[in-house]
Amino acid sequence: MVDFSSDEIEACLVTMKKKGAPGWDGWTLDIITEIFDAGKEWFKSILNFCLHHSVFPRRRKIASVLLIPKEGKDLSRFESYRPICLLPIWRKILDKLITNRLVTYFEEHCLLSERQHGFRRGRGTTTALNKITEFIIKAKEKREVVCMISFDIQNAFNFIKWNNIKRLLLRYKLLYKIPGLLIAFLSERAILLSRDEPWNYNVGVPQGSSLVPVLWLLVVNEVLNMTDIKQDAYIQAYADDLVILLRATALYRFKERNHELNDVKIVSDSRSALMTVESLSDNREFIWQIKKRLKDREDIKLMWVRAHKGEMGNERADLLAKKAAYRDMIDVQFTYSKVQIRNINNKKLTENWQCRWIQSKNGKWT
């Protein structure tokens with residue numbers, strides 16, 4: 001394993017943001033640069049000691065967290081914020097040195113899928129769009145239709161399991177000592193809370209580290225390298241955004257490709273609907289169809305949640321429904337249901353009978 005050189009370290013310092021926020025220790029990039037210039041050999045020896053002994057200083061794995069609100073989101077909900085870890089500059093240098101070695105190793109050994117266009121040199125949104133365009137053009141030449149499904153993995157970086165990353169590091173047979181250093185990087189991590197009390201965590205990777213995109217490439221690479229993808233299907237990724245393209249001779253062909261779902265949870269705020277499905281006395285045809293489909297599917301579970309309680313989507317729908325009640329015009333007109341038709345007919349029959357009884361010349365006493 002080649003030691004980190006002074007040129008590598010200096011290149012890392014040059015490419016780092018000059019006005020970047022310091023970590024919890026308050027040391028800025030200017031201070032670290034001055035230390036490096038004053039003793040390059042001493043500076044280099046510390047980083048190489050970490051490399052050869054697979055040591056990532058524990059104090060440098062502590063990060064202070066800055067919550068940045070997402071545009072257009074409800075700020076009363078925790079998922080409306082993007083957590084950014086403010087990391088010590090010294091630790092960022094070690095991050096960047098490892099990242100550069102990993103990227104070079106992956107690209108030279110062609111370990112990353114050609115269908116990944118994010119966080120890679122010479123690739124980006126343009127190359128990703130070109131591949132999608134090529135797939136569509138080929139389908140049109142064969143007079144086929146195309147279906148595109150887009151996935152945005154929510155909180156992708158925050159829910160990566162460390163054990164999965166460790167297994168991938170061993171599988172890819174990375175450079176000597178690098179896997180051990182990365183495992184040390186992932187262990188005993190902590191963030192500083194409002195009272196400067198460190199809180200340990202064991203899932204996710206710190207956003208703000210240059211290692212995060214590279215580790216994510218390993219995870220999503222497992223999806224892109226699946227061998228059971230058919231020739232008339234294509235999957236590609238741009239960072240944590242996935243796109244699946246399908247082509248067929250007709251639209252109905254897409255329905256024939258539905259795969260069985262596993263471990264499905266259907267959540268509803270209508271307790272009466274869930275009780276109806278479980279009832280033995282309801283003889284309506286569509287209820288029996290639902291029961292028939294659920295009979296042999298133990299992996300599908302029906303769950304109930306309180307209506308509106310803390311659910312911003314339900315509360316928003318309720319608010320819009322109330323506003324719509326005061327409008328003069330109806331946007332969408334639905335036909336009457338069977339129950340409504342029966343109730344209307346009963347009401348009209350009662351009104352007609354009452355009218356005939358009042359207008360009758362016969363006696364009203366019985």
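None of the values given here were measured: they were computed from a predicted structure.
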Next on the checklist: Tell me whether R121 forms a cation-pi arrangement with F119, defined as NZ or CZ under 6.0 Å from the six-membered ring centre and within 45 degrees of its axis.
Outcome noted: no
Next on the checklist: I'd like to know if E114 and K131 make a salt bridge, using a cut-off of under 4.0 Å between side-chain N and carboxylate O.
Outcome noted: no
Item to check | Intermediate values then yes/no, side chain to side chain contact (heavy atoms under 4.5 Å, CB included), L47 and D3 | outcome: CA-CA 9 Å; L47 294 174; D3 289 351; over 6 Å; no
Next on the checklist: Quick check on the hydrophobic clustering: are W288 and L274 connected, directly or via other members, by side-chain heavy-atom contacts under 4.5 Å?
Outcome noted: no
Next on the checklist: If only side-chain N and O atoms count, and only distance matters, is there a donor-acceptor pair under 3.5 Å linking S5 with D7?
Outcome noted: no
Checklist outcome for this item: Rounding to 0.5 Å, atoms NZ (K17) and CG (L29) come to a distance of 12.0 Å
Checklist entry - Is there side-chain contact between C147 and R247, with at least one heavy-atom pair below 4.5 Å? => result no
Checklist entry - Hey, what do you get for CG (N343) to NZ (K347), rounding to the nearest 0.5 Å? => result 10.0 Å
Next on the checklist: For D95 and S210, which I'm curious about, is there any donor-acceptor pair between the side chains at under 3.5 Å?
Outcome noted: no
Next on the checklist: With clusters defined by side-chain heavy atoms of hydrophobic residues (ILVMFWY) lying less than 4.5 Å apart, directly or transitively, does I244 cluster with L129?
Outcome noted: no
Checklist entry - Is there a side-chain contact between L224 and I235, using heavy atoms and a 4.5 Å cut-off? => result yes
Checklist entry - Under 4.5 Å between any side-chain heavy atoms of F36 and K44, yes or no? => result no
Checklist entry - Do L245 and V146 pass the side chain to side chain contact (heavy atoms under 4.5 Å, CB included) test, and can you show the C-alpha distance, the side-chain angles, and the key distance before you say yes or no? => result CA-CA 7 Å; L245 292 169; V146 176; 4.2 Å; yes
Checklist entry - Would a hydrophobic clustering, with Ile, Leu, Val, Met, Phe, Trp and Tyr connected at side-chain separations under 4.5 Å, put F185 with F49? => result no
Checklist entry - Would you find a donor on one side and an acceptor on the other, under 3.5 Å apart, between the side chain of S113 and the backbone of N221? => result no
Next on the checklist: If you count heavy atoms of other groups shown closer than 6.0 angstrom to CD of E351, is the number above 12?
Outcome noted: yes
Checklist entry - Where do F135 and A233 come nearest, in terms of heavy atoms and distance? => result CE1-C, 4.2 Å
Checklist entry - Does the side chain of V145 come within less than 4.5 Å of T249's, by heavy atoms? => result no
Item to check | Any donor-acceptor pair under 3.5 Å from Y238 side chain to A128 backbone | outcome: no
Checklist entry - Is it true that R101 and E8 make a salt bridge, defined as a side-chain N closer than 4.0 Å to a carboxylate O? => result yes
Checklist entry - So, for P22 and G26, which heavy atoms are closest and what is the spacing to 0.1 Å? => result CB-C, 3.9 Å
Checklist entry - Would L94 and C50 count as a side chain to side chain contact (heavy atoms under 4.5 Å, CB included) if you check the C-alpha gap in whole Å, the side-chain angles of each, and the deciding distance to 0.1 Å? => result CA-CA 9 Å; L94 186 54; C50 295; 4.2 Å; yes
Item to check | Min side-chain heavy-atom separation W216-V219 under 4.5 Å | outcome: yes
Item to check | Minimum heavy-atom distance between V243 and M148, given as atom pair plus value | outcome: CG1-CG, 3.6 Å
Item to check | Test item: side-chain donor near acceptor, Y234 and Q236, under 3.5 Å | outcome: yes
Next on the checklist: Is it the case that the side chain of T15 and the backbone of A11 share a donor-acceptor pair, with hydrogens and angles ignored and the cut-off at 3.5 Å?
Outcome noted: yes
Checklist entry - Short question: side chain of T127, backbone of R123 - any donor-acceptor pair under 3.5 Å? => result no
Next on the checklist: I'd like to know whether the aromatic ring centres of F43 and W90 sit less than 6.0 Å apart in this structure.
Outcome noted: yes
Item to check | Any donor-acceptor pair under 3.5 Å from S45 side chain to W42 backbone | outcome: yes
Checklist entry - Which heavy atom of V2 sits nearest a heavy atom of L51, and at what distance? => result O-CD2, 3.9 Å
Checklist entry - Do you know the tightest heavy-atom contact between A237 and V220? => result CB-CG2, 4.4 Å
Checklist entry - Can you check salt bridge (charged side-chain N to carboxylate O under 4.0 Å, His left out) on E141 and K138, steps first, answer last? => result CA-CA 5 Å; E141 290 174 352; K138 290 180 180 179; over 6 Å; no
Checklist entry - If only atom types and distance count, is the side chain of K61 paired as donor or acceptor with the main-chain N or O of A184 below 3.5 Å? => result yes
Next on the checklist: Quick check for you: to the nearest 0.5 Å, what is the distance between D37 atom CG and E10 atom CD?
Outcome noted: 7.0 Å
Checklist entry - Taking all atoms of both residues into account, what is the closest heavy-atom pair of K291 and V277, and its distance? => result CE-O, 2.8 Å
Item to check | Lys/Arg-Asp/Glu bridge criterion (N-O < 4.0 Å) met for R167, E222 | outcome: no
Next on the checklist: Would a single hydrophobic cluster contain both M275 and L302, if residues Ile, Leu, Val, Met, Phe, Trp and Tyr are joined by side-chain heavy-atom contacts under 4.5 Å?
Outcome noted: no
Item to check | Within-4.5 Å side-chain heavy-atom neighbours: F56 and S187 | outcome: no
Checklist entry - With a 4.5 Å limit on heavy-atom distance, are the side chains of I183 and I165 in contact? => result no
Checklist entry - Distance from L215 atom CG to N164 atom CG, nearest 0.5 Å? => result 12.0 Å
Next on the checklist: With heavy-atom distances below 4.5 Å as the criterion, would you say the side chains of W24 and L87 are in contact?
Outcome noted: no
Checklist entry - Under 30°, 30 to 60°, or over 60°: which ring-plane class applies to W357 and W353, parallel, tilted or perpendicular? => result parallel
Item to check | CD1 on I89 to CG on D30, rounded to 0.5 Å | outcome: 9.5 Å
Next on the checklist: I'd like to know if F4 and V55 are part of one continuous hydrophobic network [Ile/Leu/Val/Met/Phe/Trp/Tyr, side-chain heavy atoms within less than 4.5 Å].
Outcome noted: no
Item to check | Backbone of P88 reached by a side-chain donor or acceptor of D25 within 3.5 Å | outcome: no
Checklist entry - Got a second to check how far L168's CG is from L217's CG, nearest 0.5 Å? => result 11.5 Å
Checklist entry - What do the steps show when you test I358 against Q354 for side chain to side chain contact (heavy atoms under 4.5 Å, CB included), and what is the final call? => result CA-CA 6 Å; I358 293 174; Q354 184 68 29; 3.7 Å; yes
